[in-house]
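Step one of this worksheet: look at the structure below.
The sequence lines fix the lettering, A, B, ..., with proteins before strands; numbering per chain opens at 1.
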There are 2 protein chains.
Amino acid sequence: MSRICQDGYDDDCIKENREVYGITYAQNVLSGRWKYLILWFLKPKERRYNEIKNFLGGISQGSLTKQLRELETDGLINRKIYPEVPPRVEYSLTSKGEALIPIIDLMEEFGKKFGENLD
Amino acid sequence: MSRICQDGYDDDCIKENREVYGITYAQNVLSGRWKYLILWFLKPKERRYNEIKNFLGGISQGSLTKQLRELETDGLINRKIYPEVPPRVEYSLTSKGEALIPIIDLMEEFGKKFGENLD
DNA sequence: CCGCATCCTGCATGATACTG
DNA sequence: CAGTATCATGCAGGATGCGG
């Protein structure tokens, strides 16, 4: 999803969205098909690139790398490179990323309670 | 954002995503650029179509109608038509929609605490 | 093993015109 | 006022091939 209110907005949008700025910000850093699941998967412990990829199943390498870079840029995850052969890279939550976990947990509860089948 | 795991998934994706099914479901019903803000705006009381449109500022009529229909189809909002001239339509949260409010509130808090400027 | 570069496609959204 | 219909478009994400 593209970021909200960067262009084409009018004064009402500016005024009103300042009130709900936090919602828009959270939505922006979480925009992306796989980010909720990635954060959820990193919740218990750090994970390697291929662990995440196998967990997500359907994601392409290009997309996974992109989502991980965005999460890193937004300060939600750490990326640690181990100079080994073959290379090893481990991802983990930052404190900012951990602050999103309650949101994700609530979403999980909501879906368990209200979710029907997706098809 | 398109719905996750409807096609092209492999067995891992099925197996693993069942664990996090709720997250995916919540993400699906909330997919759309304006839905969080619409739900937040409906939180205090029911609102008319044009109230929502003015609040959001930048949205087009076509997009707003589409998002409202999706929210209605997913059972998050009610749509009440008053047979007047000119016509009046009021939208309000269902109990299912209200169940999402804690999530939105947490996102607002998160953004207030961690958000930088969007540009 | 963990990427990056490139190309391609679908879909969400916007723009615009029209209507009961 | 609250839509519907149609068309245009930008961008997220997938596919594929190559690289340290």
What's the closest nucleotide to the side chain of A:Trp34 if the choices are D:dG14, C:dG3, C:dT13? D:dG14
Does B:Arg48 make a side-chain N or O approach to OP1 or OP2 of D:dA2 shorter than 4.0 Å? yes
In whole angstrom, give the distance that lies between atom CZ of A:Arg79 and atom P of C:dC4. 7 Å
Round to a whole Å and report the spacing from CD1 of A:Ile59 to C1' of D:dG14. 10 Å
Give one of base, sugar-phosphate or nothing for A:Gln67, where a contact means two heavy atoms less than 4.0 Å apart. sugar-phosphate
Note: A:Glu70-A:Lys35 ion pair, threshold 4.0 Å (strictly below): yes
Can you tell which of D:dC1, D:dG3, D:dG17 lies closest to the side chain of A:Gln61? D:dG17
Out of C:dA15, D:dG3, D:dC1, minimum distance to the side chain of B:Pro86 belongs to D:dC1
Euclidean distance, atom CG of residue A:Asn28 to atom C1' of D:dA12 [Å, nearest integer]: 14 Å
Between the side chain of A:Lys80 and the main-chain N/O of A:Ser92, is any donor-acceptor distance below 3.5 Å? no
Can you measure A:Lys80 atom NZ to C:dG3 atom P for me and round it to whole angstrom units? 15 Å
Base, sugar-phosphate alone, or nothing: which one does B:Ile81 contact when heavy atoms must sit under 4.0 Å apart? nothing
Under 4.0 Å, heavy atoms only, any strand: does A:Tyr91 hit a base, just the sugar-phosphate, or nothing? sugar-phosphate
Counting heavy atoms from C-beta on, name the nucleotide in D:dG3, C:dT13, D:dG13 closest to the side chain of B:Arg69. D:dG3
Reckon A:Arg33 has a side-chain N or O less than 4.0 Å from the OP1 or OP2 of C:dG10? no
Between D:dG3 and B:Thr65, is there an OP1 or OP2 to side-chain N/O distance shorter than 4.0 Å? no
What is the distance from CZ of B:Arg88 to P of D:dA2, rounded to the nearest Å? 9 Å
Roughly how many Å is it from CG in A:Leu64 to C1' in C:dC4, rounded to a whole number? 13 Å
Mind calculating the distance between CZ (B:Arg47) and P (D:dC1) to the nearest angstrom? 17 Å
Can you figure out which of D:dG13, C:dA12, D:dG20 approaches the side chain of A:Pro87 most closely? D:dG20
Classify the ring geometry of B:Tyr91 against B:Tyr49: parallel below 30°, tilted from 30° to 60°, perpendicular beyond 60°. tilted
Which of D:dG3, C:dG14, D:dG20 is nearest the side chain of B:Tyr49? It is D:dG3
Any B:Ile59 side-chain heavy atom under 4.5 Å of B:Ile52 side chain: no
Could you tell me whether B:Asp74 and B:Lys96 make a salt bridge, using a distance below 4.0 angstrom between a side-chain N and a carboxylate O? no
Distance, rounded to the nearest Å, where B:Glu90 contributes CD and D:dG3 contributes C1': 16 Å
